[in-house]
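Structure first, then comments.
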There are 2 protein chains.
Amino acid sequence: MASARRIGAPDAKNRGVLLDAAEQLMLEEGYAAVTSRRVAQKAGLKPQLVHYYFRTMDDLFMAVFRRRAEQGLRYQAEILKSPQPLWALWKFHTESPDTALTMEFTALANHRKELRAEIAYYAERFRDEQSKVVARALERYGTGVHELPPVVAIVLVMGVAQLLVIENTLGMSSGHGETVEIVERYLRQLEGEPAISPGT
Amino acid sequence: MASARRIGAPDAKNRGVLLDAAEQLMLEEGYAAVTSRRVAQKAGLKPQLVHYYFRTMDDLFMAVFRRRAEQGLRYQAEILKSPQPLWALWKFHTESPDTALTMEFTALANHRKELRAEIAYYAERFRDEQSKVVARALERYGTGVHELPPVVAIVLVMGVAQLLVIENTLGMSSGHGETVEIVERYLRQLEGEPAISPGT
DNA sequence: GTCTATAATCAGATAGAC
DNA sequence: GTCTATCTGATTATAGAC
């Protein structure tokens, strides 16, 4: 039945080239700029190849997302090994350009069921990992610092980090300095002065 | 020089109809679905009328945004009259469907200079109003409750509220219950039990 | 397994008719 | 002041060639 058409091998070189092009385009100009033509152009390939390697444009978006998410999980596992996991999360999420890409995907996902489910799935995995590590860390620091359950600490930190990044992108800054100060004071209470940023 | 073409009157009935259609479409299917054809279809008008009332599609987006932003400012002024402004902000931003539309505009604005500036401008106005009111409120409650500067309290509350709404839309919920509990406990410490929601 | 020729549809915008 | 006929180009997707 559905789609007898053949699809390119998952490890073909040009498939990766197309993924790179799509991701870059998405970051630079937003998901609406990710058309088969523009992706191909950026990749130096013919537009039809996009449909050879990805049945639909939605499939392409999905593939871009999965690739980044998997890499993100590996990277997070790395930085969470830090003795100061809260600092690591905070620094990562206020500074990484990944946040912009995530925003783009979230906006796109708002109206695409499959992608939305995929994002939720990965987001839960990210948070689970975070929770485990932060729970252990808070235990180490001695409980009751402010009686914050680990998940709540994470949600708070991530919420603020995200807001700051979004507003920064818009060119806003009112209240940012004061907020960063308060958050970092809190982190310092828990984890002490931040060490130099971790490798990779 | 530029564009000698005439443009429809700002108060023409069909202009409003088109704005309504565009806004609804944006909410239901995302900004990428807002094309002249689809807007016109939803409005029961001819596609070309979109370009008669709005020179470009960007102009249309801008007009939709401004209309909502102005209305939002009026509404916020209303709810900030509450004797419990922090509760009002929290409730409004965790429950209002407006948040979804704002997200959509923010994503769109990410790659459109003019719209981005406009959103930043209005966002600052929103925050200024909030700051004034919350500052007065915190003073009333007696300072030093947790030594949070008003702007910081606002940024924290807004950040968390936004994260919860976004994740909710994705279908996520891990950590939400606990976070809501903590935030509302904090609000209760400051402003007591929330009264019934305000009118309008 | 890799890519191209081609179909079918939809997009933004403008000049000009009422 | 209001709307329509129409141009030009882009977009997704498929069937079929190498």
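Worth saying up front: this structure is predicted, and the values here are computed from it rather than measured. Chain letters run A, B, ... following the sequence lines, proteins first and then strands; every chain starts at 1.
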- Among all residues two or more places apart in sequence or in another chain, which pass the salt bridge (charged side-chain N to carboxylate O under 4.0 Å, His left out) test with R37(B)?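 Salt bridge (charged side-chain N to carboxylate O under 4.0 Å, His left out) check on R37(B) returns nothing, list empty.
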- By salt bridge (charged side-chain N to carboxylate O under 4.0 Å, His left out) - contacts of E181(A) (at least two apart):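 Testing E181(A) for salt bridge (charged side-chain N to carboxylate O under 4.0 Å, His left out), a comparison that skips the adjacent residues, returns none.
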Tabulate atom names and distances for all N/O pairs under 3.5 angstrom spanning the protein and nucleotides 16-18 of chain D.
| residue | atom | partner | partner atom | Å |
| --- | --- | --- | --- | --- |
| dA17(D) | N6 | R6(A) | NH2 | 2.7 |

Take the protein atom [atom1] of [X] and the nucleotide atom [atom2] of [N], then report the distance between them rounded to whole Å.
{"X": "I7(A)", "N": "dA15(D)", "atom1": "CD1", "atom2": "C1'", "result": "14 Å"}
{"X": "M57(A)", "N": "dT14(D)", "atom1": "CE", "atom2": "C1'", "result": "15 Å"}
{"X": "F54(A)", "N": "dT14(D)", "atom1": "CZ", "atom2": "P", "result": "16 Å"}

- Message: Expected output is a numbered-order residue list: members of residues 33-52 of chain B with a heavy atom under 4.0 Å from any atom of DNA chain D. What is it?
- Response: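 K46(B), Q48(B), L49(B), Y52(B) - these, ordered by number, are the residues of the stretch whose heavy atoms sit under 4.0 Å from the strand.
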- Item | hydrophobic_cluster_shared for M103(A) and M158(A), side chain cutoff 4.5 Å |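 They do not share one cluster, since no chain of ILVMFWY contacts under 4.5 Å joins M158(A) to M103(A).
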- Are V152(B) and I166(A) grouped together when hydrophobic residues (ILVMFWY) are joined by side-chain heavy atoms under 4.5 angstrom apart?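 No, separate clusters.
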- Applying side chain to side chain contact (heavy atoms under 4.5 Å, CB included), name anything that partners A43(A), two or more places apart in sequence or on another chain.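 With sequence neighbours excluded, A43(A) shows a side chain to side chain contact (heavy atoms under 4.5 Å, CB included) to V17(A), L18(A), A21(A), L45(A), given in chain and number order.
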- Message: Which residues pass the side chain to side chain contact (heavy atoms under 4.5 Å, CB included) test with T102(A), not counting sequence neighbours?
- Response: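 T102(A) satisfies side chain to side chain contact (heavy atoms under 4.5 Å, CB included) with T106(A) only.
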- Q41(B): what forms a side-chain hydrogen bond (donor to acceptor under 3.5 Å, both in side chains) with it, not counting sequence neighbours?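 side-chain hydrogen bond (donor to acceptor under 3.5 Å, both in side chains) check on Q41(B) returns nothing, list empty.
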- Less than 4.0 Å between a side-chain N and a carboxylate O, is that true for R38(A) and E28(A)?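 No, this pair does not count.
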- Could you tell me whether K42(A) and E23(A) make a salt bridge, using a distance below 4.0 angstrom between a side-chain N and a carboxylate O?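 No, K42(A) and E23(A) are not salt-bridged.
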- Message: Filter on ring pair (Phe, Tyr, Trp, His ring centres under 6.0 Å), then keep only pairs touching residues 16-47 of chain A, sequence neighbours left out; what's left?
- Response: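 Sorted pair list: Y31(A)-Y31(B).
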- Task: Using a cut-off of strictly less than 4.0 Å, decide whether Y53(A) has a side-chain nitrogen or oxygen near OP1 or OP2 of dG1(C).
- Result: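 No, outside the criterion.
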- Query: Heavy-atom contacts under 4.0 Å between residues 9-21 of chain A and DNA chain C, which residues?
  - Reply: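 A9(A), A12(A), N14(A), in order of number.
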- Query: Between CG of D59(B) and CG of L115(B), what distance do you get to the nearest 0.5 Å?
  - Reply: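 One finds 11.0 Å between CG of D59(B) and CG of L115(B).
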- Query: salt bridge (Lys or Arg N to Asp or Glu O under 4.0 Å): which pairs involve residues 97-116 of chain B, sequence neighbours left out?
  - Reply: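 Qualifying pairs, neighbours excluded: D58(B)-R112(B).
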- Quantify the bending of the helix from dG1(C)-dC18(D) to dC18(C)-dG1(D) as the angle between its end axes, each fitted on five pairs, to 10°.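 Taking five pairs per end, the axes differ by 10°.
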Sequence neighbours excluded and cut-off under 3.5 Å, please list the side-chain donor-acceptor pairs for residues 8-15 of chain A, or say none.
| residue | atom | partner | partner atom | Å |
| --- | --- | --- | --- | --- |
| R15(A) | NE | P10(A) | O | 3.2 |

